[in-house]
K.L.:
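Sharing a structure below in structure tokens format, with a few things to ask.
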Amino acid sequence: MNTNDTSDSIRAKIFGQMFVSIKRLDSNISWEQSVYAINWFDAWQLQLYNFYNLLAGRSVNKVGGVPLFKGRLLSKLYGSDEDQRQILLLVRYPAPDNFRRMVANPLFKVVSLIRTIAVRRFTFCLSHVLTEENIPKQLNAEDVYGVHHFRGDAEMATLICDSLHQQGIDVIFSSVKTHELFTITGNESPVAVPALMDGIVLFKCKDEITVKNIITSNAYHNILQQSESSFVGTFKRIM
């Protein structure tokens, strides 16, 4: 996109009179900056969703997208069942326009029909990274990851990261929502694509007990009370 573009949204045609619109939450956010997709969802059929990932990978790669982390929930440590999801998938795109071009691609539209069948509850948002991703490139079956998905701003993410650092835990990824997505059909009002939370912090621990001890500590309890809503769980990396 043109760096001088002052529009607050861009959109992609899906089919007929249906469009997907990407709206930035702050006009000072550059359209040229990388965005990180937070996919937080349940699947009817995880194997079918994995097959979709395999097929969609070509479209993601074509626009410069890079999958960073895919994990499956092991246990819920804090939060409501309504906020709980089975799968977390993080993908980096060079800019929002790269994501828009992918969504508009005819092949991706066809492949996405599989995702519609495979997914039960799906929430999504585009975010900007706060902590540079230090996600190990090698998949290790022994690793356990802690995920804190929250409603709040960058200040909340910083409080979470600082608390983890004080307990000797390395944060490997954190980001906060910067864009919202909407579907638009003809002259109807835009419908927001659900974005359950605003930010996410991903950290690696040696085992589930370590994560549980962190979450139950007094210091972390104080952090949790400052968020409008939080979900904390342990995840096993599957990609």
Side-chain angles (χ1 to χ4, degrees), residues 22-26 29 35-44 68-91 119-131 133 135 144-167 169-183 190-205 208-237:
I22 305 170
K23 180 180 179 181
R24 57 181 176 182
L25 299 179
D26 186 333
I29 295 173
V35 288
Y36 295 73
I38 303 175
N39 301 267
W40 181 251
F41 63 94
D42 289 330
W44 290 113
L68 300 175
F69 178 91
K70 184 179 180 182
R72 174 179 56 82
L73 179 68
L74 292 177
S75 63
K76 180 184 76 174
L77 302 179
Y78 183 91
S80 71
D81 290 343
E82 287 299 313
D83 292 337
Q84 177 176 308
R85 296 293 186 270
Q86 177 188 9
I87 302 295
L88 166 66
L89 173 63
L90 303 174
V91 182
V119 170
R120 183 165 66 93
R121 295 190 299 175
F122 183 80
T123 72
F124 176 92
C125 74
L126 293 177
S127 64
H128 279 178
V129 71
L130 300 175
T131 302
E133 71 273 9
I135 300 171
V144 173
Y145 293 84
V147 171
H148 188 159
H149 206 7
F150 63 91
R151 293 191 182 100
D153 55 16
E155 183 177 347
M156 182 65 195
T158 299
L159 288 174
I160 295 169
C161 292
D162 287 347
S163 180
L164 291 169
H165 289 150
Q166 290 169 13
Q167 299 188 64
I169 302 299
D170 290 330
V171 174
I172 61 175
F173 181 87
S174 66
S175 69
V176 174
K177 180 174 71 174
T178 48
H179 300 74
E180 290 183 332
L181 270 70
F182 298 85
T183 58
V191 177
V193 174
L196 192 60
M197 299 287 189
D198 300 316
I200 199 161
V201 175
L202 176 68
F203 53 100
K204 189 172 74 171
C205 289
E208 286 190 82
I209 296 299
T210 301
V211 183
K212 290 178 181 177
N213 289 340
I214 291 170
I215 301 307
T216 56
S217 68
N218 289 333
Y220 211 88
H221 179 74
N222 291 335
I223 297 295
L224 291 169
Q225 298 308 304
Q226 295 183 56
S227 172
E228 178 185 341
S229 183
S230 286
F231 177 88
V232 185
T234 57
F235 279 70
K236 178 68 68 175
R237 188 177 178 187

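Everything numeric in this text was worked out from a predicted model, so none of it was measured. Side chains are part of it too, since the values below use all heavy atoms of this structure and drop only hydrogens, waters and symmetry mates.
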K.L.:
Minimum heavy-atom separation for Val201 to Ala157, with atom names?
P.N.:
CG2-O, 4.3 Å
K.L.:
Less than 4.5 Å apart, any side-chain heavy atom of Glu180 and any of Leu25?
P.N.:
yes
K.L.:
Do Ser227 side-chain atoms and Phe150 backbone N/O form a donor-acceptor pair below 3.5 Å?
P.N.:
no
K.L.:
Applying side-chain contact (heavy atoms from CB on, under 4.5 Å) between Phe235 and each of Leu88, Leu74, Ile87, Val144, report the one that passes.
P.N.:
Leu88
K.L.:
Side-chain atoms of residues 123-130: list all donor-acceptor pairs with protein atoms under 3.5 Å, sequence neighbours left out, distances to 0.1 Å.
P.N.:
residue : atom : partner : partner atom : Å
Thr123  : OG1  : Trp40   : O            : 3.0
Ser127  : OG   : Tyr36   : O            : 2.8
Ser127  : OG   : Ser175  : OG           : 2.8

K.L.:
Enter the distance from Leu89:CG to Ile38:CD1 here, rounded to the nearest 0.5 Å.
P.N.:
10.5 Å
K.L.:
Taking atom CD as the centre, does Glu155 end up with more than 12 heavy-atom neighbours from other residues, nucleotides or ligands that are less than 6.0 angstrom away?
P.N.:
no
K.L.:
With a 4.5 Å limit on heavy-atom distance, are the side chains of Ser75 and Leu77 in contact?
P.N.:
yes
K.L.:
Enter the distance from Phe41:CZ to Arg85:CZ here, rounded to the nearest 0.5 Å.
P.N.:
11.0 Å
K.L.:
Dump the intermediate steps for salt bridge (Lys or Arg N to Asp or Glu O under 4.0 Å) on Lys177 and Asp153, then the final yes or no.
P.N.:
CA-CA 8 Å; Lys177 180 174 71 174; Asp153 55 16; over 6 Å; no
K.L.:
By side-chain contact (heavy atoms from CB on, under 4.5 Å), which residues pair with Asp26, not counting sequence neighbours?
P.N.:
Asn28, Ile29
K.L.:
Once rounded to the nearest 0.5 Å, what's the spacing between atom CD1 of Ile200 and atom NE2 of His149?
P.N.:
4.5 Å
K.L.:
With the side chain counted from C-beta on, respond yes when Leu68 and Phe173 share a heavy-atom pair under 4.5 Å apart, and no when they do not.
P.N.:
yes
K.L.:
Tell me if a side-chain donor or acceptor on Gln86 pairs with a main-chain N or O of Ala43 at a distance below 3.5 Å.
P.N.:
yes
K.L.:
I'd like to know if the side chain of Arg237 and the backbone of Arg72 have a donor-acceptor N/O pair within less than 3.5 Å.
P.N.:
no
K.L.:
Could you check whether atom NE2 of His165 has more than 12 heavy atoms from other residues, nucleotides or ligands sitting under 6.0 Å from it?
P.N.:
yes
K.L.:
Once rounded to the nearest 0.5 Å, what's the spacing between atom OG of Ser230 and atom CG of Asp83?
P.N.:
8.5 Å
K.L.:
What's the shortest heavy-atom distance between Asp198 and Gly152, and which atoms?
P.N.:
OD2-N, 2.9 Å
K.L.:
Taking the side chain as everything from C-beta on, heavy atoms only, tell me whether Asp81 gets closer than 4.5 Å to Lys76.
P.N.:
yes
K.L.:
Give the intermediate values and the outcome of side-chain contact (heavy atoms from CB on, under 4.5 Å) for residues Leu73 and Gln84.
P.N.:
CA-CA 9 Å; Leu73 179 68; Gln84 177 176 308; 3.6 Å; yes
K.L.:
What's the verdict on side-chain contact (heavy atoms from CB on, under 4.5 Å) for Ile214 and Leu164, showing C-alpha distance, side-chain angles and the deciding distance?
P.N.:
CA-CA 8 Å; Ile214 291 170; Leu164 291 169; 3.8 Å; yes
K.L.:
Would you mind reporting whether Leu196 and Arg151 have side-chain heavy atoms less than 4.5 Å apart?
P.N.:
yes
K.L.:
For His148 and Leu224, run side-chain contact (heavy atoms from CB on, under 4.5 Å): C-alpha distance rounded to whole Å, both residues' side-chain angles, the deciding distance at 0.1 Å, then the answer.
P.N.:
CA-CA 10 Å; His148 188 159; Leu224 291 169; 3.5 Å; yes
K.L.:
Can you tell me how far apart CG (Leu202) and CD (Glu133) are? Round to the nearest 0.5 Å.
P.N.:
11.0 Å
K.L.:
Decide yes or no for Leu181 and Lys23: does some side-chain heavy atom of the first lie under 4.5 Å from some side-chain heavy atom of the second?
P.N.:
no
K.L.:
Which residues pass the side-chain contact (heavy atoms from CB on, under 4.5 Å) test with Ser217, sequence neighbours left out?
P.N.:
Gln167, Ala219, Tyr220
K.L.:
Report the residue from Thr210, Asn213, Thr234 that forms a side-chain contact (heavy atoms from CB on, under 4.5 Å) with Cys205.
P.N.:
Thr210
K.L.:
Quick check against the 3.5 Å criterion: does Ser163 have a side-chain atom that pairs as donor or acceptor with the backbone of Leu159?
P.N.:
no
K.L.:
Could you measure the distance from the OG1 atom of Thr131 to the CZ atom of Phe203? Nearest 0.5 Å is fine.
P.N.:
12.5 Å
K.L.:
Would Met156 and Ile223 satisfy side-chain contact (heavy atoms from CB on, under 4.5 Å), going step by step from the backbone distance to the final call?
P.N.:
CA-CA 8 Å; Met156 182 65 195; Ile223 297 295; 3.7 Å; yes
K.L.:
Please confirm whether the ring centroid of Tyr145 lies under 6.0 Å from the ring centroid of Phe69.
P.N.:
yes
